[in-house]
> 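Mind having a look at this structure? Questions to follow.
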Protein chains: 2
Amino acid sequence: MEDFSSEGRRTRQALRAAQLYYVQDQTMDTIARELSVSRSSVSRLLTHARDSGIVEINVSAPDDHVGDTEKRLGDRYGVRAHVVPTPDTLTDVERLERVAMNAARLVSEFVDSHMNVGVAWGSTMSVVSRHLVSRPTRHSVIVQMNGAGNTQSTGIEYSSDILQRFGQAFGARVQQFPVPAFFDDPATRDALWRERSIRRLLELQTRLDIAVFGVGSPFSEVPSHVYIGGYLGQADYRSLKEDKVVGDVATVFFRADGSSDNITLNTRSSGPRLATLRRVPRRMCIASGAQKFAGVRGALEGRLVTDLVVDEALARKLAEAR
Amino acid sequence: MEDFSSEGRRTRQALRAAQLYYVQDQTMDTIARELSVSRSSVSRLLTHARDSGIVEINVSAPDDHVGDTEKRLGDRYGVRAHVVPTPDTLTDVERLERVAMNAARLVSEFVDSHMNVGVAWGSTMSVVSRHLVSRPTRHSVIVQMNGAGNTQSTGIEYSSDILQRFGQAFGARVQQFPVPAFFDDPATRDALWRERSIRRLLELQTRLDIAVFGVGSPFSEVPSHVYIGGYLGQADYRSLKEDKVVGDVATVFFRADGSSDNITLNTRSSGPRLATLRRVPRRMCIASGAQKFAGVRGALEGRLVTDLVVDEALARKLAEAR
DNA sequence: CCTCCCGTTGCACGTTTGTGCAGTCGCATT
DNA sequence: AATGCGACTGCACAAACGTGCAACGGGAGG
């Protein structure tokens with residue numbers, strides 16, 4: 001059955017315009033005449049073509065030009081590093097924005113049909129989700145990695161919005177994880193974890209093909225919003241400090257050497273155990289800003305990461321560390 | 001050893017500019033300030049980045065929008081068809097130009113390291129070679145498929161120029177085939193074919209990963225330049241007619257049903273037997289203009305082609321044929 | 001040291017492209 | 001039929017971009 005709806009027509013036009021523009025190097029003016037629409041419409045068609053994934057633009061270094069820092073990070077931590085060019089003069093917000101754009105592209109590049117994609121939430125992930133370039137896939141699933149909180153701080157939406165945008169971009173089913181980020185009583189969690197509906201999701205988490213996450217840095221000057229969102233109390237902070245925590249991934253905490261055993265708070269967290277996380281074939285960590293240094297380094301030491309996306313300054317710091 | 005030569009520097013800058021422009025959506029002006037060069041230089045850097053393969057732009061149909069004609073050609077002849085959008089009002093030259101641009105992109109997409117790429121020559125291939133987007137590969141070889149003539153008709157260069165451009169684009173070694181397109185005496189060919197140096201090349205031809213070629217159409221109104229370049233005489237023409245030839249690939253002739261047995265002229269041709277050609281895993285045929293209809297159809301019937309690149313009008317004709 | 005040559009740069013200009021706005025069309029609701 | 005709504009179009013203007021040209025600079029040869 002053919003699709004003659006206006007949406008199908010639009011896509012066909014966009015496709016044709018894109019071919020003429022990107023492959024045959026026509027100007028929009030020429031294309032406009034060829035499709036008998038106005039030049040402006042062609043401009044809009046091309047925009048549509050770009051962010052609906054009809055055209056796909058890749059920038060890749062010829063092998064002999066992979067950045068020095070990237071190589072060093074690769075050698076030192078065994079990760080594929082993606083260093084985002086960022087002049088040091090940018091504000092934190094701009095820097096994050098740029099890192100997120102790069103990361104979003106990478107995600108769209110990696111995700112494919114029939115994949116289970118684990119997605120965490122947080123301010124970084126929020127920005128990333130807003131820059132995803134759409135790429136229609138089939139039978140892929142977006143899986144929420146840890147329980148959500150409803151945060152309304154500036155620029156952060158409900159975690160479900162983040163997931164929704166991922167779902168949108170890949171035409172994927174979204175699998176929510178309807179539990180709180182932290183439980184008060186570990187026993188409650190354990191009970192809930194025995195529920196059939198929850199078990200199904202936990203099981204899904206063990207079969208992820210990709211996990212995408214940022215890192216929290218609880219003891220940096222600018223704490224991740226997990227720490228200001230009212231999730232944790234004074235006592236919890238003290239507990240983290242005692243356990244020598246340097247960061248978290250999906251609300252699961254770890255130390256500078258990447259270890260997470262016997263960290264009190266983890267017994268109450270809704271996130272996946274690090275051992276589980278490490279079994280995911282591709283684990284993409286996105287971080288921007290020097291204040292994430294300790295957290296990211298811990299995540300790297302703990303082998304939680306296979307693909308690292310960071311800004312230049314942070315990359316340098318990581319490469320030089322130790 | 002680091003490469004600090006000006007060429008290496010240029011590439012690094014181009015890479016960075018490309019990332020900023022295509023991934024981070026910066027304007028050239030911004031990028032110029034960031035690299036402290038003029039905006040014009042950024043424009044030039046981006047041009048360089050595009051046609052040196054640092055950025056790679058793909059236009060692909062979402063599966064549910066593959067053209068109708070493409071599907072029909074696929075069903076009918078068992079080829080992957082690439083129909084190039086071309087309004088019917090174009091001149092033959094413009095049409096060819098557009099088809100060639102598309103084809104060139106496809107070639108660059110298919111060719112990879114360690115591949116042997118067979119290349120024919122002719123007016124179509126000449127235009128194609130001029131639009132190749134560079135893609136650095138290693139250990140790949142460009143192999144000339146049939147003996148060359150030195151033609152100076154408009155727009156056609158020596159076949160070696162075509163090969164040279166292929167070599168350039170892929171950083172590949174170029175393997176010339178220093179024999180005439182047609183021999184006067186089959187025996188001369190057979191003798192030459194026993195030469196060690198020639199045998200090495202013939203053997204290479206049997207191990208091609210891709211073959212790229214146009215088709216000749218000897219009996220259309222506008223004959224392929226093979227037929228006007230002085231390669232063939234009156235008697236030869238008669239012989240072709242008697243043998244019911246409709247076209248050629250790499251100066252090897254075939255009939256409407258794709259057969260090539262007992263075609264007199266083939267015993268004197270320097271091109272590969274069709275059986276040999278058919279063993280190449282990917283065989284890309286590029287043709288533009290309705291006058292190629294008979295030739296292309298023969299090539300398709302003879303299963304000489306796995307990937308077909310044609311303009312819209314020709315595609316329609318082929319799809320409707322039979 | 002000078003000179004010439006070749007490759008690179010920025011400027012200035014014309015061209016090409018993005019976008020706010022107001023007008024139009026189709027469609028569903030009253 | 002009238003009304004309202006939303007999606008889409010073309011216009012007009014501003015922003016962004018490509019390129020011929022002249023000036024610059026650094027290296028080889030005299």
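To find a chain, count down the sequence lines: A is the first, B the second, and so on, and within it residues start at 1.
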> Have a look at S41(B) and say if it touches a base, only the backbone sugar-phosphate, or nothing, with a 4.0 Å heavy-atom cut-off.
sugar-phosphate
> If we check side-chain hydrogen bond (donor to acceptor under 3.5 Å, both in side chains) with H131(B), which of these qualifies: R165(B), R105(B), E97(B)?
E97(B)
> Salt bridge (Lys or Arg N to Asp or Glu O under 4.0 Å): which pairs involve residues 46-60 of chain B, sequence neighbours left out?
none
> Look at S38(A) and dT9(D) and indicate whether a side-chain polar atom (N or O) is within less than 4.0 Å of OP1 or OP2.
no
> Could you tell me whether V37(A) contacts a base, only the sugar-phosphate backbone, or nothing, with contacts defined as non-hydrogen atoms closer than 4.0 Å?
sugar-phosphate
> Let's see if you can work this out: which of dC11(D), dT17(C), dT9(C) has an atom nearest to the side-chain heavy atoms of Y21(A)?
dT17(C)
> I'd like to check the side-chain contact (heavy atoms from CB on, under 4.5 Å) partners of S60(A); sequence neighbours left out, ordered by chain and number.
none
> Near DNA chain C, counting only heavy atoms under 4.0 Å, which residues of residues 25-34 of chain A show up?
T27(A), M28(A)
> Round to a whole Å and report the spacing from CG of L46(A) to C1' of dC17(D).
16 Å
> Can you name the residues that form a side-chain contact (heavy atoms from CB on, under 4.5 Å) with P87(B), not counting sequence neighbours?
E34(A), T89(B), L90(B), R98(B)
> Output all residues satisfying side-chain contact (heavy atoms from CB on, under 4.5 Å) with R138(A), sequence neighbours left out; order by chain, then residue number.
S113(A)
> Side-chain donor-acceptor pair under 3.5 Å between T30(B) and T27(B), yes or no?
yes
> Does dG10(C) have its OP1 or OP2 closer than 4.0 Å to a side-chain nitrogen or oxygen of S40(B)?
no
> Quick one: does any side-chain atom of S108(B) pair with a main-chain N or O of V133(B) as donor and acceptor, under 3.5 Å?
yes
> Work out which heavy atom in R95(A) is nearest to a heavy atom in T86(A); give both atom names and the distance.
CG-CG2, 3.9 Å
> Given dG10(C), dG10(D), dC17(D), which nucleotide is nearest the side-chain atoms of R39(B)?
dC17(D)
> Any chance the side chains of R39(A) and S43(A) put a donor and an acceptor closer than 3.5 Å?
no
> Polar-atom pairs under 3.5 Å, protein N or O versus N or O of nucleotides 21-24 of chain D: list them with distances, or write none.
none

> Give the rounded distance in Å between these two atoms: NE2 of H48(B) and C1' of dT9(C).
16 Å
